[in-house]
Amino acid sequence: MPKITPLANRMRPARLDEIIGQSHILAPGALLYRMIQADQLYSIILYGPPGTGKTTIANVIANTTNKDFHQINATTAGKADMRKVTDDAIELWHTENRGTILFIDEIHRFNKAQQDYLLPFVENGTIVLIGATTENPYFEVNGALLSRSRIFELKPLTEDEIYVAIERTLKNTQNGYGTKSVLMSKDTIRHLAHIVDGDIRQALNALELAVETTAPDERDVIVITDGIVSSCTQKKIMRFDKNGDNHYDFISAYIESMKHSDVDASLYYLARMLSAGEDPKYIARRLIVDASCDIGLANPQAFLIAIAAFLAVERVGMPECTSALAMSTIYNATSPKSNSASKALAGAMQDVDVTGNLPVPSFLQDESYKSASKLGRGGVSDVFSHKCPYNFDPYFDGMPPELKDHKYFFTQGMGYETEIKKYLDWCEDYRQKVEPQNGESKHD
């Protein structure tokens with residue numbers, strides 16, 4: 001392969017046993033390994049971060065299959081390109097009884113109509129589809145196409161696997177740097193393997209840039225140091241798509257960490273989202289949700305602090321508002337937790353679903369209009385409750401008769417809820433002491 005071809009492409013494995021990593025799907029005996037070995041491939045979606053081997057696997061399949069192999073990239077191809085492939089596939093099937101594999105790189109770039117075009121050909125076996133995507137296919141690929149494909153998720157390579165790939169490249173005399181005098185210590189190789197964050201393509205691109213731009217020393221040796229490697233490597237790009245599954249994965253990790261009182265994990269995921277450009281208003285909204293749903297009445301102050309953080313985001317903006325987000329995050333994570341308010345509402349909603357449109361008791365209905373009393377509306381005295389201790393009316397029962405004695409709110413004894421429980425216990429004790437005159441309620 002000519003040297004003008006990028007190193008990462010020159011070093012791309014041609015055989016199954018040359019692929020580094022992805023042992024969970026490519027180890028001998030694994031399903032994808034068996035499918036490739038037997039040339040019995042069904043439509044598949046290869047899903048994973050950049051530089052994990054999606055295109056490499058497709059190339060290995062191209063080198064081993066007896067089927068006709070076509071490759072297109074969804075960023076440049078259109079329906080006309082697919083039509084040509086499908087027309088050729090139909091003709092090949094009828095004339096030579098041979099199947100066709102179509103590899104579509106970045107398949108998530110195709111719109112719904114383009115994806116739908118493939119359905120009948122995948123359905124009847126005219127085309128075996130290999131789709132590659134960095135985006136979660138459950139977000140980006142049509143459900144009908146997914147149901148006809150098997151999804152294989154590729155993982156970022158480990159540092160040890162990247163290390164092996166770099167060593168192999170330095171020793172390779174045909175496509176690598178085995179014919180050059182390149183000196184790169186094990187520690188420097190390990191340093192490069194670490195900073196590329198599981199992306200083998202980025203590792204080889206950095207290695208190529210380092211070797212090709214470093215002048216040989218007096219011994220005619222190209223010495224690659226940690227500093228050279230760092231200067232040839234892009235700053236780590238946070239894997240985070242604000243519209244994809246990373247967005248939901250990180251916000252989920254953030255919320256769960258606060259919910260389980262892991263303050264350090266909460267701050268870490270906050271930092272990851274902010275570094276990747278997440279909308280701070282979205283984070284602030286989630287803080288409010290966490291404060292109201294997961295902390296609740298155990299510490300009502302958390303709700304106010306979360307709202308204050310949201311106002312800071314709106315009125316101060318980035319980057320100064322990040323301190324407010326951090327404060328609210330720490331406060332939420334270290335607060336006692338209770339979902340008693342959420343559970344209470346859920347119980348009431350369940351009764352609403354079951355009992356339907358129960359009428360409001362007549363003594364609670366609006367009496368502000370003329371002649372309301374003639375219809376038996378109203379009758380609750382505001383004065384009475386203010387004459388009672390703590391303004392508690394022991395005679396009042398506002399529930400519809402059909403739901404008498406139904407209870408929804410139960411404290412969990414966390415934080416401020418202990419104070420609420422004291423009050424509710426006092427109310428119950430007081431109610432027991434006061435008997436309505438003549439056995440009747442004040443509102444009868």
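For the single chain, residues carry numbers from 1 onward in sequence order.
- Side chains of Thr56 and Arg12: a donor on one and an acceptor on the other come within 3.5 Å.
- In this structure, Tyr117 and Phe121 have tilted ring planes: the angle between them lies in the 30° to 60° band.
- Between Lys155 and Glu153 a salt bridge is recorded (basic side-chain N to carboxylate O distance below 4.0 Å).
- Between the side chains of Asn299 and Tyr331, at least one donor N or O lies within less than 3.5 Å of an accepting N or O.
- Between Lys421 and Thr418, every side-chain heavy-atom pair lies at or beyond the 4.5 Å cut-off.
- Around atom CZ of Phe409, more than 12 heavy atoms belonging to other residues, nucleotides or ligands sit under 6.0 Å away.
- In this structure, the side chains of His108 and Phe139 stay at 4.5 Å or more apart for every pair of heavy atoms.
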Verdict with supporting geometry, Ser261 and Lys337, side chain to side chain donor-acceptor pair (under 3.5 Å) = CA-CA 9 Å; Ser261 301; Lys337 310 295 191 296; 3.0 Å; yes
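- Between the side chains of Thr133 and Glu140, no donor-acceptor pair is found at a separation under 3.5 Å.
- At a threshold of 4.0 Å, the pair Arg190-Asp160 counts as salt-bridged, since one of the basic side-chain nitrogens sits closer than that to a carboxylate oxygen.
- Here Asp17 pairs with Arg15 under the salt bridge (charged side-chain N to carboxylate O under 4.0 Å, His left out) rule; sequence neighbours left out.
- Residue Phe69 places its CZ atom among more than 12 non-hydrogen atoms of other residues, nucleotides or ligands, all under 6.0 Å distant.
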